[in-house]
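All chains are named by letter (A, B, ...) in the order of the sequence lines, taking the proteins before the strands, and each is independently numbered beginning at 1.
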Amino acid sequence: MQLYNSYTRQKETFEPITPGYVGLYVCGPTVNGESHLGHARPYITFDVVHRWLRHLGYRVRYVRNITDAGHFEENDRTDNDRIGEKAKLEKLEPMELVHKYTGIFHRLMAAFNNLEPSIEPTATGHITEQIAMIEKIIAEGYAYEVNGSVYFDVKKYAAHHPYGTLSGRILDDLLETTRELEGQDEKREKVDFALWKAAPPQHIQRWPSPWGEGFPGWHIECSAMSAKYLGDRFDIHGGGMDLLFPHHESEIAQSTIAHGCAPVKYWMHNNMITINGRKMGRSYGNIIKLTELFSGNHSLLEQPYHPMVVRFYILQTHYRSTLDFSNEALQGSERALKRLWEAYEALKGLTPGPSPKERGEMDEEIERRCAEMTEFMNDDFNTAKVIANLFELAPIINGLKGGQLPEGAVSGKTLTLLQETFRIFLEDILGLQAIHAGDDNEALSKVLAVLIDIRKEAKLRKDWATSDAIRDKLLGAGIQLKDGKDGTVTYTIEKA
RNA sequence: GGUCACCUGGCCGAGUGGUUAGGCUCAGCUCUGCAAAAGCUGCUACAGCGGUUCGAAUCCGCUGGUGACCUCCA
């Protein structure tokens with residue numbers, strides 16, 4: 001399998017550090033607010049990576065953190081609320097926020113049908129590990145303490161180690177161009193980053209440390225927790241491209257000092273979701289929360305979009321390309337997914353033709369397209385090409401079902417391959433699910449059978465008014481009847 | 001300002017030297033009582049200008065445009 005390593009900026013053959021096992025770490029959410037559309041991308045992207053690695057037979061330990069330490073705020077409440085000014089219950093309780101947004105996050109992940117990570121460690125649950133790591137870095141001489149805060153000495157690090165390789169930074173440029181920010185006078189250099197921050201008196205989240213009460217810096221949690229659960233050196237670290245600098249660059253530096261080796265063998269970064277060509281982000285004011293996307297409740301949205309439509313829309317594009325949001329694009333994905341899924345359902349109902357014919361051209365095409373899907377996934381997780389091939393196969397399935405292709409056009413063996421391949425790629429790898437309601441309601445299917453029967457009788461009488469009324473009114477209720485060529489009628493039910 | 005990307009048909013998007021990507025939309029046809037669904041067919045693009053090459057969307061250069069990072073950020 002080939003994957004693109006952001007560190008070397010080229011595709012490389014994947015060889016796990018420990019044969020048969022893969023350590024995968026992905027930067028998780030900061031649970032101080034609701035996830036938006038942009039956040040959906042890494043979690044879906046790396047869910048597919050996780051699924052594919054498992055499919056290849058690797059035993060994967062997938063670690064995705066929950067960042068629940070740092071700066072928190074909600075509406076007018078912040079973690080800087082002065083202790084004396086408000087009653088306890090009026091003040092922000094960080095764990096209350098963390099609980100709320102972690103719950104929302106988990107529900108969103110489930111809606112996307114993302115498999116759960118193996119471990120979901122929280123930053124607050126690993127304060128001691130982070131402190132221990134900082135102590136090690138100080139002992140090695142690459143960090144210094146100022147007024148209860150600890151900073152990493154980037155200049156010294158860069159003198160002895162390659163720095164900036166991942167993000168393409170040159171230290172001298174950074175020293176010149178890094179902006180002047182408040183409260184940075186403690187640092188020796190502007191490029192230094194905090195390992196530990198002393199907590200001002202009004203800061204609620206605080207832990208004791210060798211340097212006084214405070215809280216961990218932004219980057220250290222990922223390094224401490226990935227090392228704890230995956231080892232000092234592990235296989236794949238994923239996240240959004242916007243984390244390249246300074247987050248991942250800092251992770252490399254601090255881990256290299258603390259553990260004596262570069263922490264990650266393969267770095268993977270997904271590209272951004274844009275809206276009108278611009279990255280979705282708080283500062284641009286163009287955020288669409290996922291809950292809004294699913295409900296349609298947002299001024300930019302023309303309609304609600306099902307989580308599976310969003311998942312499909314994301315997977316139709318290669319993960320390293322930007323992906324532009326628009327209603328038109330989402331609606332296109334919705335129609336496309338419906339068509340593909342209905343072909344899949346039709347495929348499940350197909351049985352081999354009467355005379356198992358000899359292998360024909362169609363058998364060869366199907367075999368080739370099925371085999372290609374594995375190649376596409378092995379080539380840096382090219383889900384876009386996998387989906388294209390599924391669409392290439394859909395007309396064959398529909399043709400067999402609809403009678404445009406003769407019954408024996410495909411051999412039984414090939415049909416089985418096709419069924420198996422669709423199931424594996426659509427469900428197991430892409431992680432897609434039906435977006436219309438299942439046909440599992442016995443009472444409803446009986447009712448529909450009655451209506452279909454009445455309509456059939458009406459058609460025999462050429463009572464078009466009645467037959468069309470049944471068809472149109474059901475459609476209005478979200479139930480679409482589909483007349484087969486041989487008189488059979490199938491239907492799909494919109495999920496409420 | 002520094003660094004790095006990107007610019008594909010009405011829209012979304014694959015694609016790194018020679019092949020129809022694919023999806024959505026649209027038009028025509030088949031099927032149908034009419035539709036829908038499905039099938040078939042059509043719409044053949046690579047920002048511009050140079051260069052390399054037998055041959056470039058694909059490599060190189062220049063120009064223009066857009067974006068990302070440099071600050072919390074998926």
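Contact check for A/M268 versus A/N5: no side-chain heavy atoms found under the 4.5 Å cut-off.
Residue A/K190 contributes atom NZ, which lies 16 Å from atom P of B/G2 at whole-angstrom precision. Taking atom CZ on A/R64 and atom C1' on B/A74, their separation rounds to 12 Å, with Å as the unit. Regarding A/M241, its CE atom lies at a distance of 15 Å from the P atom of B/A74, rounded to whole Å. Atom CZ of A/R335 and atom P of B/C26 are 8 Å apart (whole Å). Going from atom CZ of A/F376 over to atom P of B/G22 covers 12 Å, rounded to whole Å. If you take CD1 of A/I314 and P of B/A14, they are 13 Å apart, rounded to a whole angstrom. A/N382 places its CG atom 14 Å from the C1' atom of B/G23, with the value rounded to the nearest Å. Between A/Y25 atom OH and B/A74 atom C1' there is a gap of 14 Å when expressed in whole angstrom units.
Taking the six-membered ring for Trp and thresholds of 30 and 60 degrees, A/F425 and A/W52 have ring planes inclined between 30 and 60 degrees apart. Ring-plane geometry between A/H219 and A/F193 is classed as perpendicular, the angle between the planes exceeding 60 degrees on a 0 to 90 degree scale with a lower cut at 30.
Across B/C69, B/G22, B/A74, the shortest atom-to-atom separation from the side chain of A/E392 is found for B/G22.
A gap of 28 Å separates the P atoms of B/A38 and B/A45, to the nearest Å. To the nearest whole angstrom, the two C1' atoms, one in B/A68 and one in B/C59, are 25 Å apart. Spacing between B/C54 and B/U63 at atom C1', rounded to whole Å, works out to 29 Å. Atom name P, nucleotides B/C6 and B/G61: the rounded distance is 13 Å, in whole Å. A distance of about 12 Å separates the P atoms of B/A21 and B/A57, rounded to the whole Å. Between the P atoms of B/G17 and B/A56, the separation comes to 14 Å (whole Å). Annotation: B/C12 and B/C46 have their C1' atoms spaced 15 Å apart (nearest Å). Rounded to whole Å, the separation between the P atoms of B/C7 and B/C26 comes to 28 Å.
Two residues, A/L37 and A/R369, neighbour RNA chain B, and the one matched to the more 5' nucleotide by heavy-atom proximity is A/R369. Toward the 5′ end of RNA chain B lies the nearest nucleotide of A/R9, the other residue of the pair A/H247 and A/R9 mapping further downstream.
Of the N and O atoms on the side chains of A/N327 and A/Y305, at least one donor lies less than 3.5 Å from an acceptor on the other residue. Checked by atom type, the side-chain pair A/N65/A/Y25 shows a donor-acceptor distance below 3.5 Å.
A/E342 has no carboxylate O lying under 4.0 Å from a charged side-chain N of A/K338, or vice versa, which leaves the two without a salt bridge. Look at A/R320 and A/D380 and you find a salt bridge, because one of the NZ, NE, NH1 or NH2 atoms lies within 4.0 Å of a carboxylate O, short of that distance. For A/E372 and A/R368, the salt-bridge test passes: some basic side-chain N is under 4.0 Å from an acidic carboxylate O. Salt-bridge formation is not detected for the pair A/K156/A/D192: no Lys NZ or Arg NE/NH1/NH2 atom is positioned less than 4.0 Å from an Asp or Glu carboxylate oxygen. Salt bridge annotation for A/D379-A/K385: absent, with no cationic side-chain nitrogen under 4.0 angstrom from a carboxylate oxygen.
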One character per nucleotide, please: for nucleotides 31-40 of chain B, 5' to 3', B when the base has a protein heavy atom closer than 4.0 Å, S when only the sugar-phosphate does, - otherwise. S-BBBBSBSS

Would you give a per-nucleotide map of nucleotides 42-48 of chain B, 5' to 3', where B means the base has a protein non-hydrogen atom under 4.0 Å away, S means only the sugar-phosphate does, and - means neither? -------

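Distances shorter than 4.0 Å separate some side-chain N or O of A/R278 from OP1 or OP2 on B/G67.
Counting only Watson-Crick or G-U wobble pairs whose defining distances are both under 3.5 Å, the stems of 3 or more consecutive pairs in RNA chain B are B:1-7 with B:64-70, B:10-12 with B:22-24, B:26-30 with B:38-42, B:47-51 with B:59-63.
Within 4.0 Å of A/G38, counting heavy atoms only, lies at least one base atom of the nucleic acid. As judged by a 4.0 angstrom heavy-atom cut-off over every strand, A/H36 is placed among the base-contacting residues. Looking at heavy-atom distances under 4.0 Å, A/Q331 makes no contact with the nucleic acid at all. At a threshold of 4.0 angstrom between heavy atoms, the contacts of A/L244 with the nucleic acid are absent.
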Give each protein N/O atom lying under 3.5 Å from an N/O atom of nucleotides 11-13 of chain B, with the pair distance.
{"from": "B/C11", "atom 1": "O2'", "to": "A/E328", "atom 2": "OE1", "distance (Å)": "3.3"}
{"from": "B/G13", "atom 1": "OP1", "to": "A/D324", "atom 2": "N", "distance (Å)": "2.8"}

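Residues that satisfy the side-chain contact (heavy atoms from CB on, under 4.5 Å) test with A/T317, not counting sequence neighbours, are A/R41, A/S321, A/L323. Take A/H161 and apply the side chain to side chain donor-acceptor pair (under 3.5 Å) test, not counting sequence neighbours, and it matches no residue.
With A/F112 as reference, A/F294 is the one residue of A/Y43, A/F294, A/F312, A/F46 to meet the ring pair (Phe, Tyr, Trp, His ring centres under 6.0 Å) rule.
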After noting the C-alpha distance and the side-chain angles of A/D173 and A/R169, does the key distance pass the salt bridge (Lys or Arg N to Asp or Glu O under 4.0 Å) rule? CA-CA 7 Å; A/D173 293 344; A/R169 295 305 134 107; over 6 Å; no

Do A/E189 and A/Y151 pass the side-chain hydrogen bond (donor to acceptor under 3.5 Å, both in side chains) test, and can you show the C-alpha distance, the side-chain angles, and the key distance before you say yes or no? CA-CA 10 Å; A/E189 293 290 345; A/Y151 297 96; over 6 Å; no

List the steps and the verdict of salt bridge (Lys or Arg N to Asp or Glu O under 4.0 Å) for A/R455 and A/D468. CA-CA 8 Å; A/R455 177 162 168 265; A/D468 289 355; 5.6 Å; no

